[in-house]
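Notes for the one structure printed next.
Predicted, not measured: the structure shown is a model, and the values here were computed from it.
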Number of protein chains: 2
Amino acid sequence: MAVARSITSAAENNGTIPDRVFSLLREAIVEGDIPAGSKISEPELARVYGISRGPLREAIGRLEACGLVVRRRNVGARVVTLSSTQLIEIYHIREALEGMAARLAAQHMSAEEIADLRSLLSQHGQQIERDIDHAYFQREGDLDFHYRIVQGSHNAHMIDLLCNDLYHLVRLYRYQFGMSSKRGPRAFVEHEHIVDAIERRDAEMAEVMMRAHIRASRENVERMLKGVNRP
Amino acid sequence: MAVARSITSAAENNGTIPDRVFSLLREAIVEGDIPAGSKISEPELARVYGISRGPLREAIGRLEACGLVVRRRNVGARVVTLSSTQLIEIYHIREALEGMAARLAAQHMSAEEIADLRSLLSQHGQQIERDIDHAYFQREGDLDFHYRIVQGSHNAHMIDLLCNDLYHLVRLYRYQFGMSSKRGPRAFVEHEHIVDAIERRDAEMAEVMMRAHIRASRENVERMLKGVNRP
DNA sequence: CTACGCAATATTGTCGACAATACTAGCCTC
DNA sequence: GAGGCTAGTATTGTCGACAATATTGCGTAG
């Protein structure tokens with residue numbers, strides 16, 4: 001990794017130091033640049049970023065609040081290693097929260113937001129047809145979609161919860177487990193059905209479809225974890 | 001408030017300083033000892049608790065992560081003032097999460113846990129009959145019940161989310177708004193139905209009942225907020 | 001009299017150093 | 001040779017001081 005040459009002189013010079021270093025560390029952790037289970041050394045990172053340990057500790061504290069690192073007293077912080085049970089737990093939470101988000105989105109999304117969502121979906125459809133960047137769709141494209149639905153809920157607390165915390169954990173898991181099931185096309189169809197329901201302002205159906213979508217994803221993961229991939 | 005005389009010499013001398021200060025401040029905020037919207041002065045609190053600003057800032061950072069205070073750059077932290085929309089937002093999140101928690105509880109609670117839950121419920125029933133401490137039941141007793149259900153989900157992430165963050169916000173709101181509707185007896189019956197469903201291991205019904213329970217509570221609040229209390 | 005600008009002040013943001021605790025390596029004993 | 005104890009080391013926890021920024025009050029111009 002290229003030296004992080006004095007974070008204060010970085011392009012985005014707005015925001016406080018903990019803000020910037022928090023974002024940087026979060027991205028580094030989520031994308032696997034800092035391996036799972038590895039130690040977060042305060043002196044080392046302070047040296048790397050050219051800052052003092054004070055702001056750094058605040059950034060690490062926020063990472064802990066997100067669930068991306070775990071801290072032990074007088075020992076330090078380590079990047080979390082997601083267990084399979086933790087993964088399933090997150091899926092259950094997503095099923096509940098995003099189901100509600102879809103319900104609220106059906107009630108509150110503006111026509112423009114829905115149109116944008118449709119165009120995003122059509123992009124995904126083209127990607128699937130051409131089979132380009134299949135892995136990428138699996139990873140970021142899927143989250144893009146869910147991200148928009150959550151935004152559409154217009155529930156600030158829910159947006160914060162999912163977009164600032166949970167989704168980063170999801171991304172971390174995807175990098176850690178490197179999963180890329182063949183659910184891509186199937187997931188795409190489910191996405192379409194969800195948007196259909198939102199467009200019809202059918203809140204009940206939107207929630208049901210979203211929950212089914214996430215539940216299917218969870219069950220898929222559960223099958224893979226059990227190693228029961230019968231051909 | 002009596003002087004907090006050197007927090008380091010307090011009874012519970014375990015845990016790090018930020019831990020203790022965080023708990024103290026959280027309780028003080030939630031119970032209204034620190035009024036809503038009031039400023040959290042770092043120098044003042046550091047003097048009061050006899051500690052430096054470093055650990056104090058970490059504690060405040062955690063309060064921010066909980067949503068109990070809001071911080072503005074170079075300005076400082078203030079206790080949140082819950083708006084009615086924020087309150088409704090939290091109810092929507094609770095409806096989703098606790099509904100799922102009830103579903104999981106029906107699947108995973110041990111017979112002993114269910115028995116404990118029953119006995120808690122019977123205590124509440126007696127309190128209602130004697131009409132003692134009506135306000136208390138409304139406030140803490142109700143949360144006790146929900147707390148146990150969430151614990152019964154055996155989903156660590158969900159437990160953390162609800163018990164460590166959201167419930168404190170709920171308590172804060174109850175102190176801020178000072179609400180005590182006449183939903184006590186009605187809520188009690190709903191609680192019973194939820195436990196019935198859990199005892200039957202009827203996960204679907206447990207979720208439906210819990211969601212209906214919280215939705216009713218939300219709708220009750222919405223009526224009061226609109227000032228539509230027709231006699 | 002009001003509105004704008006500026007300086008004084010207090011608060012937050014950041015830093016480097018000291019103290020306390022946990023890991024580690026080596027030595028001693030059995 | 002293995003196990004446990006002890007000293008050393010490195011890391012985290014805490015502190016006080018300095019720098020940077022926002023607020024506040026006053027003075028002045030219109």
Side-chain angles (χ1 to χ4, degrees), chain A residues 3-26 29 34-35 37-66 68-81, chain B residues 4-10 12-26 29 34-35 37-66 68-81:
Chain A
V3 67
R5 201 65 202 113
S6 178
I7 194 174
T8 56
S9 65
E12 59 270 39
N13 204 1
N14 54 345
T16 176
I17 290 183
D19 286 335
R20 295 198 293 274
V21 76
F22 167 68
S23 294
L24 285 174
L25 282 178
R26 183 173 63 180
I29 290 173
I34 303 178
S38 67
K39 185 156 171 40
I40 305 286
S41 168
E42 291 182 10
E44 180 187 340
L45 282 181
R47 217 180 48 245
V48 168
Y49 288 124
I51 60 173
S52 179
R53 277 179 49 221
L56 182 61
R57 282 173 66 85
E58 181 169 336
I60 294 175
R62 288 199 221 169
L63 290 173
E64 185 188 21
C66 289
L68 289 174
V69 305
V70 289
R71 281 167 97 176
R72 285 175 50 196
R73 279 184 41 194
N74 292 314
V75 172
R78 309 189 82 88
V79 177
V80 291
T81 57
Chain B
R5 201 67 201 110
S6 179
I7 194 176
T8 55
S9 65
E12 58 270 37
N13 204 358
N14 54 346
T16 176
I17 290 183
D19 286 334
R20 296 198 293 273
V21 167
F22 168 68
S23 293
L24 285 173
L25 282 179
R26 184 174 61 180
I29 290 173
I34 303 178
S38 67
K39 185 157 172 41
I40 305 285
S41 168
E42 291 182 10
E44 180 187 343
L45 282 181
R47 218 179 48 243
V48 167
Y49 288 123
I51 60 174
S52 179
R53 277 178 49 220
L56 182 60
R57 281 174 67 86
E58 181 169 338
I60 294 175
R62 288 198 221 169
L63 291 174
E64 186 189 21
C66 289
L68 290 174
V69 306
V70 287
R71 282 167 97 178
R72 286 175 49 198
R73 281 184 43 192
N74 293 315
V75 173
R78 307 190 84 86
V79 177
V80 292
T81 57

| task | Report the nucleotide, chosen from C/dT12, C/dC15, D/dT12, that has the shortest atom-to-atom distance to any side-chain atom of B/Lys39. | result |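 My answer, after comparing the listed nucleotides, is C/dT12.
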
What are the two closest heavy atoms between [X] and [Y], and how far apart are they?
{"X": "A/Arg62", "Y": "A/Pro18", "answer": "NH2-CB, 3.7 Å"}
{"X": "A/Ala59", "Y": "A/Val21", "answer": "CB-CG1, 3.1 Å"}
{"X": "A/Ala46", "Y": "A/Arg53", "answer": "CB-CG, 4.1 Å"}

| Nucleic acid contacts of residues 52-62 of chain A, taken as heavy-atom distances under 4.0 Å to DNA chain C |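 Those residues are A/Ser52, A/Arg53, A/Pro55.
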
Gap between atoms [atom1] and [atom2], on [X] and [N] respectively (whole Å):
{"X": "B/Glu42", "N": "C/dG13", "atom1": "CD", "atom2": "P", "value": "6 Å"}
{"X": "A/Arg47", "N": "C/dC15", "atom1": "CZ", "atom2": "P", "value": "15 Å"}
{"X": "B/Arg71", "N": "C/dT11", "atom1": "CZ", "atom2": "P", "value": "16 Å"}
{"X": "B/Tyr49", "N": "D/dC15", "atom1": "OH", "atom2": "P", "value": "14 Å"}

At a cut-off of 3.5 Å, list every protein nitrogen or oxygen paired with a nitrogen or oxygen from nucleotides 22-25 of chain D, distance to 0.1 Å.
from	atom 1	to	atom 2	distance (Å)
D/dT23	OP1	B/Arg72	NH2	3.3

| said: To the nearest 0.5 Å, what is the distance between CD1 on A/Ile40 and CD1 on A/Ile29? | reply: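 So the gap between those two atoms works out to 4.5 Å.
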
| message | With rounding to the nearest 0.5 angstrom, report the CG to CZ distance, A/Leu56 to A/Arg47. | response |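 These two atoms lie 12.0 Å from each other.
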
| said: Using side-chain heavy atoms (C-beta onward) and a distance below 4.5 Å, is B/Tyr49 in contact with B/Pro55? | reply: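 Answer no - side chains too far apart.
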
| message | Under the rule for salt bridge (charged side-chain N to carboxylate O under 4.0 Å, His left out), what residues qualify as partners of B/Arg71, not counting sequence neighbours? | response |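 A/Glu58, B/Glu64.
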
| said: Given A/Leu68, which partner from the list A/Ile60, A/Leu63, A/Ile34, A/Leu25 fulfils the side chain to side chain contact (heavy atoms under 4.5 Å, CB included) test? | reply: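 Among A/Ile60, A/Leu63, A/Ile34, A/Leu25, the one meeting side chain to side chain contact (heavy atoms under 4.5 Å, CB included) with A/Leu68 is A/Leu63.
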
